[in-house]
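Down below is the structure, laid out as structure tokens.
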Number of protein chains: 2
Amino acid sequence: MPTAGAGSLGHRVPDLGALELLLAVARLGSLGGAARELGITQPAASSRIRSMERQLGVALVDRSPRGSRLTDAGALVTDWARRIVEAAEAFDVGAQALRDRRDSRLRVAASMTIAEYLLPGWLLALRAQRPDTAVSLHAGNSTVVAERLLSDEADLGFVEGLSVPTGLDSVVIAHDRLIVVTAPGHPWARRRRPLAAGELASTPLILREKGSGTRQVLDAALGGLARPLIELSSTTAVKAAAVSGAGPSVLSELAVGEELAMRRLVSVPVEGVALARDLRAVWPTGHRPTGPARDLLSLTRG
Amino acid sequence: MPTAGAGSLGHRVPDLGALELLLAVARLGSLGGAARELGITQPAASSRIRSMERQLGVALVDRSPRGSRLTDAGALVTDWARRIVEAAEAFDVGAQALRDRRDSRLRVAASMTIAEYLLPGWLLALRAQRPDTAVSLHAGNSTVVAERLLSDEADLGFVEGLSVPTGLDSVVIAHDRLIVVTAPGHPWARRRRPLAAGELASTPLILREKGSGTRQVLDAALGGLARPLIELSSTTAVKAAAVSGAGPSVLSELAVGEELAMRRLVSVPVEGVALARDLRAVWPTGHRPTGPARDLLSLTRG
DNA sequence: TGGCGACATAAGCTGGGTTTATGAGCAGGA
DNA sequence: TCCTGCTCATAAACCCAGCTTATGTCGCCA
């Protein structure tokens, strides 16, 4: 379920190059300087910023013969732009790792949730530390991760299941919790007293399909009783349905961080249900990670 | 301080139009269908997806004479892409509100932090509820917000200060907390026992310049004692310095949500310091918000 | 076997972004 | 006072990515 207003974003939002340029201008205080940094000419930068201002209908930059500073609106726009660029950086580092390169110095296998939400951040941090470590990424469920590690197709794995596959050593790197969320309008959103397990089990919920990691943990915690209101096949579809007010849902804390911060969803306290699960780094028994794998591992644990 | 690896993102990350197209393909299971939804022709969609695959070096969709499904890598890429597109949607709705349109049905004035982190989400929610409410936005400090409300240039305001400007009624819509953060490598990151106020006051911190809202709250909490290690002029610059390990910093919870989730920063517990502040909606005394202003207000309170 | 739906290919057009080349405003030093 | 160096703006020519229209191929189904 996409947001309402159709009409292609691509025509209303400046492209990534323009946003990067704007950030550079903000940082350097000069169009020409920003141009130099991005390896284009000054007129190109000038024209690009100008056309961005035309597109948005807002003056972004105060030009003077001694440099350029952001207007108030420009500062705000730049902050919003930064969020797009950061998401793009995460995309970039992830996509680069997805290309199978046989010569990669670090081959990672990870479960979907971890690959989706956590890995890009780690890879960015890793690249900051060791810029020339080539990383390759393979995403799959716990079984796939175990296979790749045991057949020496991966150097380090990440899993989120309840148990550790045999033949692997592991260390807990983070604790994920499933949390009950609703749209802000829902009656549960105003609850002060925590929800009892029975109430949760007897209420139809928006859920991932059976077999997903999230669903497994929830079913285990409730004793296989979770009643689906709708079953959807992606975390994002579930989130969208919950945000739109279709009903309560149970989702990984990782998946809903932003929605909670923006109050598009609110968390409902629960008691008497074990909704925590460990996220673990794994490797073949005895083969303690070394080199780049050790670097990445240490990043994930802080 | 930007991330390391220079080399313009714009060339390595598909543009927004392509990402939107990919999301549409994921949702509809068909190139042609996605093309129709975005108002382009089927060959255009086909070629665009193909060139995106060339650019990323990864097969994203499995084409068949009966439709298209995402590959595993495609699913992952799509999830990362979705984060970019969501950031772009927030940008779009914010930018639209920045254009001064005199005929706006709802004129909002907000402080920077709120305009930056919270408002786009609210405006997206509002647009979902009332698609044709034209919103205009003006960002400034508490004084500016008060002026605009009292001179009837704004219908609803949002402030984050310690006190409510005179002449305005208000309601608390959220609680923001300043938190102490460090890069994961810092000694404080491993602390179990909370930091004492004295320790915080005597340690040089990465801070916004004097006069910023964040700094005011911190100085008040510590009794004007905060020692700056560096003073920077934007929240983002402060975050970047903290992430890079330059030292500990004190920042709004709102500003570092993502960094905490990705463990690029970790929060350090503190005791004996009042770092909470209220975020408030404000309006001229007696003029209780009605119409669109009331709608927006109710969104912000859940 | 004809028809339909989905994707691929080919050819031609258009526009946005780029470059090079040049002009114009403001500052600071001889 | 004038030159030099920084800034940004403008103009003309170029190039390529992405679009459209037109057509071809493949598999399914009646």
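Each chain gets a letter, A, B and so on, in the order its sequence line appears, and its residues count up from 1. For clarity, every value in this text was computed on a predicted model and none was experimentally measured.
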B/Y117 versus B/S252: any side-chain heavy-atom pair under 4.5 Å? no
I want to check something: taking the side chain as every heavy atom from C-beta on, are A/E53 and A/V61 in contact at a cut-off of under 4.5 Å? yes
A/E20 side-chain N/O to A/V85 backbone N/O, donor-acceptor pair under 3.5 Å: no
Lys/Arg N to Asp/Glu carboxylate O, A/D62 vs A/R69, below 4.0 Å: no
I want to check something: taking the side chain as every heavy atom from C-beta on, are A/L22 and A/L70 in contact at a cut-off of under 4.5 Å? yes
Would a distance-only check, ignoring hydrogens and angles, find a side-chain to backbone donor-acceptor pair under 3.5 Å from A/S30 to A/G32? yes
Any chance CZ of A/R63 has more than 12 other-residue heavy atoms, nucleotides or ligands included, within less than 6.0 Å? yes
Say whether, by atom type as modelled, one donor and one acceptor occur between the side chain of B/R101 and the main chain of B/V135 under 3.5 angstrom. yes
Can you give me the N/O atom pairs linking the protein to nucleotides 19-23 of chain C at distances under 3.5 Å, or say none if there are none?
from   : atom 1 : to    : atom 2 : distance (Å)
C/dT19 : OP2    : A/T41 : N      : 2.9
C/dT19 : OP2    : A/T41 : OG1    : 2.6

Does anything in residues 46-63 of chain B reach DNA chain D, meaning a heavy atom under 4.0 Å, and if so which residues? B/R48, B/S51
What residues, two or more places apart in sequence or in another chain, satisfy side chain to side chain donor-acceptor pair (under 3.5 Å) together with A/E153? A/S151
Listed in order of residue number, which residues of residues 64-73 of chain B have a non-hydrogen atom at under 4.0 Å from DNA chain D? B/P65, B/R66
Apply ring pair (Phe, Tyr, Trp, His ring centres under 6.0 Å) to B/W122 and B/F158, showing your working. CA-CA 12 Å; B/W122 296 339; B/F158 295 96; 4.9 Å; yes
For DNA chain D, which nucleotides open and close the run of contacts to chain B, 5' to 3', at under 4.0 angstrom from a non-hydrogen atom? D/dG18 to D/dC28
What residues, two or more places apart in sequence or in another chain, satisfy side chain to side chain donor-acceptor pair (under 3.5 Å) together with A/D72? none
Hey, what do you get for CG (B/N141) to CD (B/E147), rounding to the nearest 0.5 Å? 8.5 Å
